[in-house]
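Beneath this line is the structure, given in C-alpha cells, with notes to follow.
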Amino acid sequence: MNKNRLEAFSDGVLAIIITIMVLELQTPDGTDFKSLVKLFPVFISYLLSFIYVGIYWNNHHHMMHTVKKVTGEILWANLHLLFWLSLIPFATAWIGEHHFAPFPMLTYGFVLLMCALAYFILQNQIIKKHGEESILARAVGKDLKGKVSAILYIIAILSTYYHELISGIIYILVALIWLIPDKRIEKILTEEQ
C-alpha cells in the first residue's frame with residue numbers, strides 16, 4: 001500500500017481534532033475584560049493542546065517521509081495513535097472547564113502518555129517493516145526524547161495527587177522539549193540524497 005493515503009487520512013483526522021478543540025472555545029458571557037479573564041483556563045488548555053497536536057502532526061509528517069511501504073500493522077498502529085489523539089479535545093475541555101482540577105489533570109496526562117506510547121508503537125512498526133538500518137531507525141537511535149517524555153508523563157500523573165500545578169508544569173515542559181526542532185530525520189534524509 002502507498003503511504004499517501006495513510007498520510008492524507010492522518011492529516012484529516014488531526015485537522016478535525018484541532019477544529020473540535022477550537023469549537024470548545026466559547027465567547028465570553030459579558031462584554032468586559034473580566035468576562036474574558038474567566039475563560040483564561042479554557043484558552044490555556046486549548047493552547048497547550050494545540051501545541052501538542054501540532055507537535056504530533058509535525059513529527060508524524062517527518063516520520064512518513066521515511067516510509068516506503070505500509071503494512072496492515074502500520075495502518076493499525078497509526079489508527080491506534082489517532083484514537084488517543086482524538087481524546088485530546090475531551091481532556092482539554094475537561095481541564096479547561098474545571099480549572100485544572102486534579103482528576104481532569106490526571107486524565108489529561110494519561111491521554112498524553114497513551115499518545116506517546118501509541119507513537120512509539122507506530123514508530124517501531126515502521127522500523128520493523130523497514131529494518132534496523134532504515135532511515136527512521138538510524139534517525140531515532142535510542143529515542144531518548146521519547147523515553148524521557150513518557151517518564152515525565154508518569155511523574156506528572158502521579159503528581160496530581162500532590163498538586164495539579166506540578167502536573168501542568170511537567171506537561172508544559174514536555175511540550176517545550178518537543179518544540180525544539182528535531183532535525184534527526186531531516187539530517188539523515190539529506191545525507192541519503
Side-chain angles (χ1 to χ4, degrees), residues 1-21 48-92 108-157 170-193:
M1 171 187 270
N2 188 304
K3 69 177 179 178
N4 294 338
R5 288 194 65 203
L6 173 86
E7 236 179 330
F9 178 74
S10 300
D11 286 348
V13 170
L14 291 170
I16 291 168
I17 289 168
I18 287 175
T19 302
I20 291 168
M21 284 190 322
L48 182 60
S49 294
F50 184 91
I51 289 168
Y52 267 111
V53 173
I55 288 166
Y56 276 102
W57 175 78
N58 190 9
N59 288 328
H60 188 273
H61 173 75
H62 280 94
M63 186 166 50
M64 287 301 118
H65 279 294
T66 71
V67 174
K68 305 284 186 238
K69 288 197 172 210
V70 175
T71 63
E73 291 86 357
I74 292 171
L75 285 174
W76 281 109
N78 192 68
L79 280 173
H80 180 235
L81 172 62
L82 294 176
F83 169 78
W84 288 107
L85 288 171
S86 73
L87 291 176
I88 288 177
F90 163 75
T92 301
Y108 188 76
F110 178 75
V111 169
L112 292 177
L113 174 63
M114 295 309 294
C115 288
L117 293 176
Y119 188 88
F120 179 77
I121 291 168
L122 174 59
Q123 181 176 274
N124 284 345
Q125 285 300 319
I126 293 169
I127 291 170
K128 181 180 171 186
K129 172 63 183 165
H130 294 86
E132 291 299 322
E133 291 302 315
S134 66
I135 293 169
L136 184 60
R138 288 183 291 145
V140 169
K142 295 182 189 212
D143 194 22
L144 185 62
K145 253 171 127 170
K147 290 173 184 166
V148 167
S149 297
I151 291 167
L152 287 172
Y153 288 139
I154 292 167
I155 292 169
I157 290 166
I170 294 171
Y171 301 148
I172 292 168
L173 175 65
V174 174
L176 290 173
I177 289 169
W178 285 98
L179 273 178
I180 299 167
D182 191 346
K183 301 285 186 186
R184 296 178 295 180
I185 291 175
E186 288 178 15
K187 182 180 176 191
I188 292 190
L189 283 171
T190 302
E191 290 171 1
E192 293 278 314
Q193 294 175 352

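Just so we're clear, the structure is a prediction, and the values are computed from it rather than from any experiment.
- Rounding to the nearest 0.5 Å places OG1 of Thr66 at 8.0 Å from CD1 of Ile127.
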Original post:
What's the verdict on side-chain contact (heavy atoms from CB on, under 4.5 Å) for Val67 and Leu6, showing C-alpha distance, side-chain angles and the deciding distance?
Top reply: CA-CA 11 Å; Val67 174; Leu6 173 86; 5.8 Å; no
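- Atom OG1 of Thr92 is separated from atom CG of Leu87 by 10.0 Å, given to the nearest 0.5 angstrom.
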Output side-chain donor-acceptor pairs under 3.5 Å for residues 76-84, partner residues at least two apart or in another chain, one line each.
from, atom 1, to, atom 2, distance (Å)
Asn78, OD1, His60, NE2, 2.7
Asn78, ND2, Ser10, OG, 2.7
His80, NE2, Trp84, NE1, 3.1

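- Annotation: the span from Lys129 atom NZ to Glu73 atom CD amounts to 9.0 Å, rounded to 0.5 Å.
- Evaluation of the ring pair (Phe, Tyr, Trp, His ring centres under 6.0 Å) rule for Tyr171 yields Tyr108 as partners, not counting sequence neighbours.
- Summarising the geometry of Ile51 relative to Ala175, their closest heavy-atom pair is CG2-CB, 4.2 Å, with the distance given to 0.1 Å.
- Across every non-hydrogen atom of Met21 and Ser49, the tightest pair is SD-CB, 3.4 Å.
- With contacts defined as side-chain heavy-atom distances shorter than 4.5 Å, the pair Lys128/Ile74 does not qualify.
- Shown here is Leu144, whose CG atom has no more than 12 heavy atoms of other residues, nucleotides or ligands within 6.0 Å.
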Original post:
Does the side-chain contact (heavy atoms from CB on, under 4.5 Å) test come out yes or no for Met63 and Gln123, once each step is laid out?
Top reply: CA-CA 8 Å; Met63 186 166 50; Gln123 181 176 274; 4.0 Å; yes
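- Interatomic distance, CH2 of Trp57 versus CG of Leu85, reported as 14.0 Å (0.5 Å rounding).
- Here the closest non-hydrogen pair linking Arg138 and Glu133 is NE-O, 3.1 Å.
- A distance-only check finds no donor-acceptor pair linking the side chain of Tyr153 to the backbone of Ile170 [under 3.5 Å].
- No donor-acceptor pair closer than 3.5 Å links the side chain of Lys68 to the backbone N or O of His130.
- Looking at every heavy atom in both residues, Gly131 comes nearest to Ala137 through O-CB, 3.7 Å.
- Distance CD1/Ile155 to CG/Leu113: 11.5 Å, rounded to 0.5 Å.
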**OP:** Check step by step if side-chain contact (heavy atoms from CB on, under 4.5 Å) holds for Leu117 and Met114.
**Re:** CA-CA 5 Å; Leu117 293 176; Met114 295 309 294; 4.0 Å; yes
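- A side-chain donor-acceptor contact under 3.5 Å links Lys147 to the backbone of Lys142.
- Between atom CD1 of residue Ile55 and atom OG of residue Ser149 there is a gap of 9.0 Å, rounded to the nearest 0.5 Å.
- For the pair Val174 and Leu112, the minimum side-chain heavy-atom distance is 4.5 Å or more.
- Using a 4.5 Å heavy-atom threshold, the side chains of Asn124 and Ile121 count as separate.
- Minimum interatomic distance between Lys3 and Met64 (heavy atoms only, all atoms of both residues): NZ-O, 2.8 Å.
- Annotation: side chain of Trp178 is in contact with side chain of Asn59 (closest heavy-atom distance under 4.5 Å).
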